[in-house]
Structures are given as C-alpha cells and as structure tokens.
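Heads up, the thing below is written out as structure tokens.
Numbering of ligands and ligand atoms starts at 1, following listing order.
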Amino acid sequence: MNQHHSKICKGCWQKLHFPVALRGPFSIPFRMVGLRPSRMNPNTCTFCELAFTRIMKARNVTIDATVLFADLRGYTSASQYLATDQMTSTLDAFYDECAEAIWEHDGLLNKTIGDAIMAVFNFPIQQDDHAMQALRAARQMQRRWGVRRTELAKGFDLDEGALCIGVGFASGSVSFGEFGQSHRDLTAIGTVVNTAARAQSVARAGQILVTKTVRDQCENDISDKGTKYDLKGLAAPIELYDAEEYDGPRRV
Ligand SMILES: [Zn+2]
C-alpha cells in the first residue's frame with residue numbers, strides 16, 4: 001500500500017528476533033503458511049495479531065495500553081450537502097490519514113466504526129512510551145487531516161469547521177483479545193476504553209483530550225491545566241487535559 005511500510009514484521013522481530021518477510025520475494029514462503037501483513041497494522045503480521053491466543057493459550061489478556069478514539073464531526077449531517085461519492089471519498093480519506101498517523105507510531109488501527117476509528121498502542125508492538133506514541137499519532141492525525149480537509153473542501157464547498165476531527169485517549173489496564181462467541185472480534189474492553197470513547201465525545205472539533213494518566217506520562221508535552229468533565233457512564237466527574245501542541249515551560 002505504501003513504500004514506508006516495513007519489509008519485515010516489527011512485532012516478530014521485537015519478540016522473537018526472527019525476520020518474517022512481509023513484502024517482496026522473501027515474503028512468498030511466509031504467505032504460503034498464512035503469514036501476511038495485518039490489516040490493523042501492516043508493519044506486523046497476522047501471527048502477531050493473534051499471538052496471545054496461540055502462545056499464551058488465552059482468548060484474552062490484560063495489558064497496559066493506550067486506547068485512542070477519533071471521529072469526524074458532523075459527518076452524518078454532511079450528507080445534506082455532500083453527494084454520495086463525496087461522502088465516500090471523505091470517509092476513505094479520514095480512514096487513510098488516521099491509519100498512516102497510527103501506523104507511523106506503531107499503533108494498531110483496531111476498528112473503523114462509521115465515522116470514527118479506534119486505535120490501540122502497545123499491541124502487538126510493545127512500547128514503553130505508548131501514551132507518548134499515541135500523543136504523537138493524535139497530533140499528526142490532526143495535522144494531516146487539516147491539510148487533507150482543506151484539499152477536499154476546495155471541491156466540496158464545506159462549511160467552516162465542518163468535518164474536523166475530535167480525538168480522545170486514555171491509558172491503563174485493558175482486557176485485549178477475542179470477544180464474542182458467534183462473531184469473534186479482536187478488540188480491547190474495560191474502563192480505559194470507555195473513558196477514551198467518552199473523552200473523544202466531548203472533545204471539540206480539532207481538539208485532543210486526554211486523561212490524567214496520559215498527561216502524567218507526557219508531562220513535558222501536555223499542559224497541566226485540566227478541566228473537569230461529567231462523562232456519561234462515569235460515577236464522578238474526571239479531569240481531562242487539552243493535548244494540542246504545547247509550548248509551555250519544559251524541564252531542561
Ligand atoms: Zn509478526
């Protein structure tokens with residue numbers, strides 16, 4: 001899909017120091033045994049995707065991760081002034097820009113849900129700084145979409161502020177694996193996931209909102225001024241931090 005994509009599986013290399021070729025002539029024997037680039041992260045392989053079920057013999061595992069949601073604000077109402085092919089190309093462009101930003105930071109594009117996406121960082125590629133990687137991905141997503149949206153808007157006659165992205169993410173313990181009996185679905189579940197989804201839902205267009213756990217892990221890059229939010233489904237209000245580019249005081 002893209003020349004920036006890795007030639008060998010980054011996950012297998014990290015865990016096993018074994019080069020699983022994903023692209024080019026060396027990938028042919030691997031493909032013959034069913035190892036191919038994962039659709040959720042083309043720099044990893046289909047084996048890594050389900051490694052925990054095969055190696056750990058568990059359907060799901062508890063891992064420390066960062067879960068990110070992004071959505072295209074006003075997409076549903078845009079159908080009133082955009083043609084069907086414009087709606088489709090907008091959504092394709094949104095998925096592409098999000099995917100590239102996520103994959104560049106070794107995250108997993110876990111789901112595309114209508115006009116929203118969900119990403120997980122720290123699986124299958126392990127990252128000690130997964131919150132920081134998610135932050136970089138979120139900022140890059142906003143920058144990339146800013147450029148792409150301007151290009152699209154030339155042809156579409158978009159309202160100002162229409163079809164901008166809201167992003168929210170949270171870090172902590174999640175249950176990751178296959179859930180469901182009849183329809184098996186690889187995903188993360190837990191409070192961290194719900195909080196990330198709620199943070200995204202209250203983010204303004206163009207904004208990135210993160211939890212305190214994220215802010216604590218990226219303290220030099222995110223302002224310490226939080227705002228209390230009452231999030232649906234959570235018992236008490238929680239503090240969220242605006243994580244757009246930050247030029248505040250930094251520790252030297
Ligand atoms: Zn792999």
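With salt bridges taken as basic N to acidic carboxylate O contacts below 4.0 Å, none links D96 and R144.
Between the side chains of D129 and Q217, not a single donor N or O lies within less than 3.5 Å of an accepting N or O.
For the Zn ion (ligand 1), the tally of protein N/O/S atoms lying closer than 2.8 Å stands at 4.
Residue F26 places its CZ atom among 12 or fewer non-hydrogen atoms of other residues, nucleotides or ligands, all under 6.0 Å distant.
When atom types are taken as modelled, the side chain of R73 and the backbone of A203 share a donor-acceptor pair closer than 3.5 angstrom.
Of the options Q140, R148, R149, a side chain to side chain donor-acceptor pair (under 3.5 Å) to E97 is made by R148 and by none of the others. The one candidate from D106, T44, N43 that meets the side chain to side chain donor-acceptor pair (under 3.5 Å) condition with K10 is D106.
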